[in-house]
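Right, one structure below, let's go through it.
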Amino acid sequence: MIGAVENLLIEQIRQKKSLFAVLLDPDTSEPDALLKTGAMAVENGADILFVGGSFMGNTHLSQQVAALKAKVSAPVILFPGGASQVVPGFDAVLFTTLVSGRNSQYLIEEQVRGGVLVKSFGIEAIPTAYCLINSGRPTAVEFISNTTPIPANKPKLTMVHAVAAELMGMRFIYLEAGSGADVPVPVEHIALTRKATDLTIITGGGLTTPEMANLRAQAGAQIIVTGTTIEKNASATLVREFADAIHHA
Ligand code: 1GP
């Protein structure tokens, strides 16, 4: 069943065409960084806050998420690296399956462990295919997931994975270059996936400029994610520039 957050995102995409999501790292050193950066991002045009990373050693995350939700109107969505990262308090979770990989742990095992937690905590799940695309250097997600990314020059491979995911009932797809990637997902992967499916396309990894984000929104991505760039330079002006470039693509 499609939940309230997913419906809200679909409605916002209908109005704005593309949305800007800021990814917050739960493991930043400062305890109030999540709240500060999240609130600043939403004040300056971010439509969604994702929270997640490859590791999660933050035992206060639930309280921080509650504080963040009390302050911002945008949905706060968990983007987990595995089942152990499911904690209560989020508006929704991207319930991901690493479809580009052939590692059963990320195709079914983490989902079996995490699914019951998601249900027990009453978190809305957004079924999301996760496709890792080669971005030059090996990334943390490639290492941790022990999977081979789709070659950057093979957009058709991404497209066929997207078609399979859609037929399996997933509604969103995350085209990922990996956090801090040298090269973001090439636009051809987005454009071909857009042409072949009705999936809601999220893309992120290595987006360092508003222009890069704009090109990917133009290619058909409906949710554009930046993490590292805003983390390195938490400037209101930069957030506004990204939001403008994405909303006016
Ligand atoms: C990582 O796609 C996200 O999962 C964001 O990547 O940190 O490179 O913006 P960056």
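Hydrogens, waters and symmetry mates are skipped; everything else that's a heavy atom, side chains included, is used. In what follows, residues are counted from 1 in the order of the sequence shown. Just follow the structure's listing: the first ligand is 1, and inside any ligand the first atom is 1.
A salt bridge (Lys or Arg N to Asp or Glu O under 4.0 Å) check over residues 131-153, counting only residues at least two apart or in different chains, returns the pairs R137-D182. For residues 220-229, the side chain to side chain donor-acceptor pair (under 3.5 Å) pairs, not counting sequence neighbours, are S179-T228, R194-Q222. Among residues at least two apart or in separate chains, side chain to side chain donor-acceptor pair (under 3.5 Å) pairs with a member in residues 38-48 are K16-D47, N44-R240, D47-H247.
Between Y174 and F50, the ring planes lie tilted relative to each other; the angle falls in the 30° to 60° range.
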R113/E110 under salt bridge (charged side-chain N to carboxylate O under 4.0 Å, His left out): CA gap, chis, key distance, verdict: CA-CA 5 Å; R113 290 173 207 284; E110 294 294 326; 5.1 Å; no
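Under 3.5 Å, the side chains of N7 and E11 contain no donor-acceptor pair of N or O atoms.
Residues with a heavy atom under 4.0 Å from ligand 1: L23, F79, Y174, E176, G178, S179, G180, G204, G205, G206, T226, G227, T228.
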